[in-house]
2 protein chains.
Amino acid sequence: MKALTIGKVAKQAGIGVETIRFYERRGLLEEPPRNDSGYRQYPPEAVVKLRFIKKAKQLGFSLKEIEELIALRHKQDATCGDIKAQAEERINNIEERIRDLSKMKEALVELTRQCSGNKGPVTECPILTALEPTGEDP
Amino acid sequence: MKALTIGKVAKQAGIGVETIRFYERRGLLEEPPRNDSGYRQYPPEAVVKLRFIKKAKQLGFSLKEIEELIALRHKQDATCGDIKAQAEERINNIEERIRDLSKMKEALVELTRQCSGNKGPVTECPILTALEPTGEDP
DNA sequence: CTTGACCCTGTAGTATGGTACAGGGATTAT
DNA sequence: ATAATCCCTGTACCATACTACAGGGTCAAG
């Protein structure tokens with residue numbers, strides 16, 4: 001009697017209807033029971049689960065990782081430490097991405113530092129010549 | 001007489017043959033002349049251009065941005081300042097990504113700090129309960 | 001002169017995370 | 001009762017940046 005249609009769930013979770021069906025196809029969300037007309041009948045917990053997915057995504061977890069997290073939660077012998085390990089892997093991953101981005105940034109900052117940024121011709125721009133060390137155009 | 005086949009260019013630039021053809025389709029690389037058999041005949045400058053693309057990619061430029069950079073370089077009235085502006089936009093973009101990632105990381109670090117990481121049951125893991133605030137499973 | 005390495009086009013598939021119909025049936029509000 | 005919403009499936013599409021064939025022609029070495 002408290003079953004929700006997909007539209008209600010979508011609104012309450014702040015996610016699109018199509019996206020929910022996509023998550024179901026992906027295996028991220030279990031298939032809910034259907035009524036006589038074939039409409040999905042979601043228990044209220046579905047909203048909770050979708051919000052979980054949404055938050056995890058905001059923390060940078062991929063759908064695949066979220067799937068693993070959910071699977072872990074359902075395993076009887078999974079421990080808190082398993083989850084923590086997962087989160088720590090995520091942190092390491094994020095740190096690596098930050099390091100990569102910082103390297104890119106430093107290289108670019110160095111290039112712009114060398115560039116006067118004035119009205120000089122493009123052919124003399126140190127940014128381009130740095131990218132194209134031996135280069136001229138056809 | 002110094003024309004290169006696509007395979008030679010690929011090897012010298014450190015890029016796959018298929019990737020070069022893909023760049024050509026994308027409009028990133030101009031179509032080279034062909035010989036009687038329809039083989040692409042690249043001038044040696046093509047290697048330079050591909051290395052340019054490769055380096056720009058390593059600096060985090062997307063193919064679309066690289067296209068813009070190349071177009072800028074070919075415009076008569078483009079200035080060094082135009083290039084610098086492009087690079088600075090890139091820097092801002094990278095900084096934004098770093099800020100986003102740092103936020104994610106901080107949230108995760110805070111969660112793992114709260115988690116004992118011991119053999120406790122998953123249902124009591126603060127990481128999961130934080131992600132799923134009101135939640136229990138079906 | 002044949003074999004293997006190279007080249008060609010065109011199409012399709014990969015991964016990621018969705019979004020957008022088309023073409024139909026069901027439900028709800030007026 | 002009928003129109004406006006919903007819901008269904010299935011498929012195709014968006015961007016990004018490739019990668020992998022299939023099916024065929026060409027070229028160079030032994």
Side-chain angles (χ1 to χ4, degrees), chain A residues 1 3-29 31-42 46 49-70 90 93-94 97 100-101 104, chain B residues 1 3-29 31-42 46 49-70 90 93-94 97 100-101 104:
Chain A
M1 49 222 43
L4 302 165
T5 62
I6 196 169
K8 303 271 171 50
V9 172
K11 185 163 281 180
Q12 281 183 42
I15 292 181
V17 166
E18 305 273 15
T19 305
I20 294 175
R21 287 199 276 249
F22 167 72
Y23 286 166
E24 187 183 311
R25 277 202 302 283
R26 273 265 340 220
L28 202 55
L29 213 60
E31 295 184 29
R34 306 291 185 110
N35 71 6
D36 291 350
S37 327
Y39 284 26
R40 287 169 181 83
Q41 303 287 291
Y42 290 97
K49 201 161 207 163
L50 280 166
R51 286 194 185 139
F52 170 94
I53 293 171
K54 201 179 175 184
K55 284 192 194 176
K57 258 170 47 61
Q58 280 163 8
L59 285 179
F61 288 89
S62 70
L63 294 188
K64 195 171 180 304
E65 287 167 332
I66 295 170
E67 227 174 307
E68 284 164 21
L69 235 34
I70 290 173
R90 211 49 314 265
N93 198 303
I94 289 172
R97 277 152 75 191
D100 286 349
L101 286 172
M104 286 179 202
Chain B
M1 46 218 50
L4 302 164
T5 62
I6 195 168
K8 302 272 171 51
V9 172
K11 183 162 281 178
Q12 281 184 41
I15 293 182
V17 165
E18 306 274 16
T19 305
I20 294 175
R21 288 199 276 249
F22 167 72
Y23 286 166
E24 187 183 311
R25 278 201 302 283
R26 274 261 347 215
L28 202 56
L29 213 60
E31 295 185 29
R34 306 292 185 109
N35 70 7
D36 291 352
S37 327
Y39 284 26
R40 288 169 181 82
Q41 302 288 289
Y42 290 97
K49 200 161 207 164
L50 279 166
R51 286 197 185 137
F52 170 94
I53 293 172
K54 201 180 176 186
K55 283 191 194 175
K57 260 172 46 61
Q58 279 163 7
L59 284 177
F61 288 89
S62 70
L63 294 189
K64 194 172 181 304
E65 287 166 333
I66 294 170
E67 228 174 308
E68 284 163 22
L69 236 35
I70 290 173
R90 205 68 293 279
N93 196 303
I94 288 173
R97 277 153 73 192
D100 286 350
L101 286 171
M104 287 178 200

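Remember, predicted model here, so these are calculated numbers, not experimental data. Chain letters run A, B, ... following the sequence lines, proteins first and then strands; every chain starts at 1.
- Looking at which nucleotide of DNA chain D each of A:T5 and B:Y23 is closest to, the 5′-most match is held by A:T5.
- Position along DNA chain D of the nearest nucleotide to B:T19 versus B:K64 favours B:K64 as the more 5'-ward residue.
- You'll find the side chain of B:R40 reaches within 4.5 Å of the side chain of B:R34, heavy atoms only.
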Determine, stepwise, if the pair A:I6 / A:Y39 fulfils side-chain contact (heavy atoms from CB on, under 4.5 Å).
CA-CA 8 Å; A:I6 196 169; A:Y39 284 26; over 6 Å; no
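- When rounded to the nearest whole Å, the span between OH of A:Y39 and P of D:dT9 equals 11 Å.
- Remark: the backbone N or O of B:I15 is not paired with any side-chain donor or acceptor of B:K54 at under 3.5 angstrom.
- Distances shorter than 4.0 Å separate some side-chain N or O of A:S37 from OP1 or OP2 on C:dT27.
- Of the candidates D:dA17, D:dT9, C:dC7, the closest approach to any side-chain atom of B:K57 belongs to D:dA17.
- Side-chain contact between A:L63 and A:F22 is present, with at least one heavy-atom pair separated by less than 4.5 Å.
- Here the closest heavy-atom approach between residue A:Y42 and residue A:T5 is recorded as CD1-C, 4.1 Å.
- For B:E65 and D:dA15, the CD to C1' distance is 14 Å, given to the nearest whole Å.
- Of the side-chain N and O atoms in B:K8, none sit less than 4.0 angstrom from OP1 or OP2 of C:dC6.
- Closest approach to the B:R25 side chain among C:dT27, C:dT11, C:dC8 is made by C:dT11 (side chain taken as heavy atoms from C-beta onward).
- Between the CZ atom of B:R40 and the C1' atom of D:dG25 there is a distance of 14 Å, rounded to whole Å.
- Whole-Å rounding puts the A:R21 CZ to D:dC6 P distance at 12 Å.
- At whole-Å resolution of the value, CZ in B:F61 and C1' in D:dT16 are 17 Å apart.
- Rounded to whole Å, atom C1' of C:dC6 lies 12 Å from atom CG of B:N35.
- In this structure, CZ of B:F22 is placed 11 Å from C1' of D:dA15, rounded to the nearest angstrom.
- The separation between A:I53 atom CD1 and C:dG18 atom C1' is 13 Å, rounded to whole Å.
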